[in-house]
Amino acid sequence: MSNVLEIIPLGGIGEFGMNCTLLRFGDEMLVIDAGMGFPEESVYGVDVSIPDFDILEEFRDHITAIVLTHGHEDHLGALPYILKKFNVPVYASRFTLGLAEYKLEEHGILGDVLLHRVEPRDIVTIGVFTIEFIRASHSLVDCFSLAIKTPVGTIVHTGDYKVDETPVIGEPIDLRTLRRYGQEGVLALLSDSTNATVPGRTPSERAVIPAFEEIFAEARGRIIVAAFASSIHRLQIVFDVAQQFDRKVCVLGRSMQKNVEIADRLGYLDIHDGLLVGIKDLKNLSDEEVVLLVTGSQAEPRAALYQMATQTYRGLAIDEGDTVVLSARIIPGNERAISKLIGFIYKRGANIIEEKRRLVHVSGHASQEDIRIMTEAVRPRFVIPIHGEYRMLFRHKEFIKNHLGYAEENIILIENGDVLELDGERAAVVDRREIKRTFIDETGFEEIEFETVRQRKQLAYEGIVTLVVTLNLLTRELEAPPEIVARGVRGFDEANGFVKSAQVLVTEAFASASQAQLADTTLLKEYLRLELKRFIQQQTGSRPVITPVVLQI
Ligand SMILES: [Zn+2]
């Protein structure tokens, strides 16, 4: 057995989401996080994507555990899917497990998996790896950085973090423990890059309180706050300020209700008795006594905010006099949808307050000065930027190089599928695995074949042609001219004569079909499909999906 550690990212590098990293030493492998992503293919009916776990098949007997840094979907969302393939123990914080249990229950596998709850400062030995769970601050509660002792040295994985010394809920980031590891010597730091392009420090979760107090003091009608359901600190602030201004809070939207319920049950939220009201209690309250805490900050069409802005959500609609607070960042890709949503809200006569107008949102990720604090605490030999698009990883590297005096060769940019080998002295990418991703249809928790998505894309861009040939069973000849129907195919329609020429082509192709093709409809269909495909492509340049049907009478 060679004395090297391999670090292999399956996702989360060069992209937003799908965070998942493998640590391998000899015949033991640890999986850190199992996140989902939100692919551009969403327009083709794909809700989410997950890492390609099939690549783990060859290590089936080597995987010892899955360790979760925190409960965000981009770190936790793929957990049910990996567990269905590889049923190994999971280690996570109390809150992360609360979210995980809900998810596993939905997938019907909660009873079949082994979940280990860990607290900050807990040290767990799993084979050759000894892991200390270190409290990290983030927009969610109960998040960890990990210090992992391996036979070649200690690896620190930051998870998602910012340096928040005054979080709303729980204790601040545990820099002391990180510094202790720094003093003992850390081989490599895998470090969050999401905000590596942002100068300065990321504000504390508390920083939004003044803006919320001002908004609540000014508002005369209902206040509608849209936030990420997972921003637990933010939810607490909304509850506190509502209490302070004598308003009741009605929580709307499935994920918001779920997270409030879990966080409250596990004791993370402090909600005054009588503060929460149900939707039917609203009719007994005047507008200035109401806060609606809703999902849909990203203008998701099925979420509460969008529905209230465009039609009604469970009988509620945004109205004149309402104040809508968008207390979330815009996830890249959602700009246009959110801009439209803001338009709808203005049309309804409501006032809207977003990040650009007042400080109603702060990031959960480390800006450059947070990165400085983390890196100086851990003092690793190698820095490995993770979590983020390539631009962010690159800027992370530039910052460390220019401002913290790290040498180029000690900052390693890796990509998904890279096999990074560390022997205690050197670090080098020795191999690259081809990493695909798996698409998921969330309605049925089903994997969607890559081919299906490819076909949907092709249908959207190139259209479809249906070819029906009717074959006489006795004579093995065509009963009628082939029927060809085109939908959405550029340059190919009845009017311009191409359909007629295609019918002639198919008739001719049929006449020269081989005996084997005539005897087997599968062969015949494929033969005619290829002939028609070639023709349409030559004549029009289009590559539609072609569906051949052979009828036999
Ligand atoms: Zn996160």
Side-chain angles (χ1 to χ4, degrees), residues 9-13 15-21 31-38 48-51 66-79 90-100 102-103 120 133-146 156-164 167-170 172-174 190-198 202-205 227-236 255-256 258-259 262-263 268 295 297-298 327-332 334 361-367 370-371 374 385-389 392-393 396:
L10 283 194
I13 298 200
E15 65 191 349
F16 168 71
M18 288 211 292
N19 297 298
C20 182
T21 305
V31 180
I32 301 171
D33 287 334
M36 55 172 47
F38 307 93
V48 294
S49 57
I50 58 170
I66 300 168
V67 178
L68 301 175
T69 59
H70 67 291
H72 272 144
E73 290 290 1
D74 55 332
H75 293 257
L76 165 79
L79 185 67
V90 178
Y91 293 80
S93 72
R94 202 153 62 97
F95 185 71
T96 306
L97 282 188
L99 296 176
Y102 188 93
K103 220 169 240 304
F133 294 85
I134 303 168
R135 206 173 44 237
S137 39
H138 188 37
S139 51
L140 192 62
V141 294
D142 230 357
C143 305
F144 290 136
S145 296
L146 309 169
V156 172
H157 185 299
T158 64
D160 283 353
Y161 79 100
K162 65 176 172 182
V163 179
D164 191 344
V168 179
I169 300 162
I173 182 169
D174 185 1
L190 289 96
S191 186
D192 181 10
S193 310
T194 309
N195 270 0
T197 60
V198 181
T202 303
S204 165
E205 285 296 311
F228 291 119
S230 59
S231 299
I232 306 298
H233 299 277
R234 193 73 42 82
L235 307 188
Q236 182 65 57
S255 60
M256 190 67 86
K258 176 193 87 178
N259 282 16
I262 293 173
Y268 292 92
T295 52
S297 64
Q298 301 304 304
S327 180
R329 79 170 177 127
I330 297 177
I331 292 180
N334 296 340
H361 174 69
V362 290
S363 171
H365 295 276
S367 302
D370 302 63
I371 291 175
M374 174 62 83
I386 56 169
H387 301 170
E389 292 170 13
M392 300 156 185
L393 308 176
H396 191 160

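The first residue of the sequence shown is numbered 1, and numbering continues consecutively from there. In each ligand, atom 1 is the first atom listed, and ligand 1 is the first ligand listed. Excluded from the calculations below are hydrogen atoms, water molecules and symmetry mates; all remaining heavy atoms, backbone and side chain alike, are included.
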CZ-CG distance between R94 and D142, expressed to the nearest 0.5 angstrom: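 Reported to 0.5 Å precision, the distance equals 7.0 Å.
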Pairing residues for E15 by the salt bridge (charged side-chain N to carboxylate O under 4.0 Å, His left out) criterion, not counting sequence neighbours: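 E15 satisfies salt bridge (charged side-chain N to carboxylate O under 4.0 Å, His left out) with no other residue.
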Ring center gap for H75 and H387 short of 6.0 angstrom: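 Yes, the ring of H75 comes within the 6.0 Å limit of the ring of H387, centre to centre.
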Side-chain donor-acceptor contact under 3.5 Å, D33 with T69: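 Judged by distance alone, the side chains do pair up.
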Give me the atom names and distance for the closest heavy-atom approach of G77 to M36.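 Heavy atoms of G77 and M36 come nearest at O-CE, 3.3 Å.
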Please state whether the rings of F95 and Y268 are parallel, tilted or perpendicular, taking 30° and 60° as the class boundaries.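 Perpendicular, since the angle between the ring planes exceeds 60°.
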Check the Zn ion (ligand 1) and write out every protein N, O or S atom at under 2.8 Å, as residue and atom.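 Metal shell, protein only: H70 NE2, H72 ND1, H138 NE2, D160 OD2.
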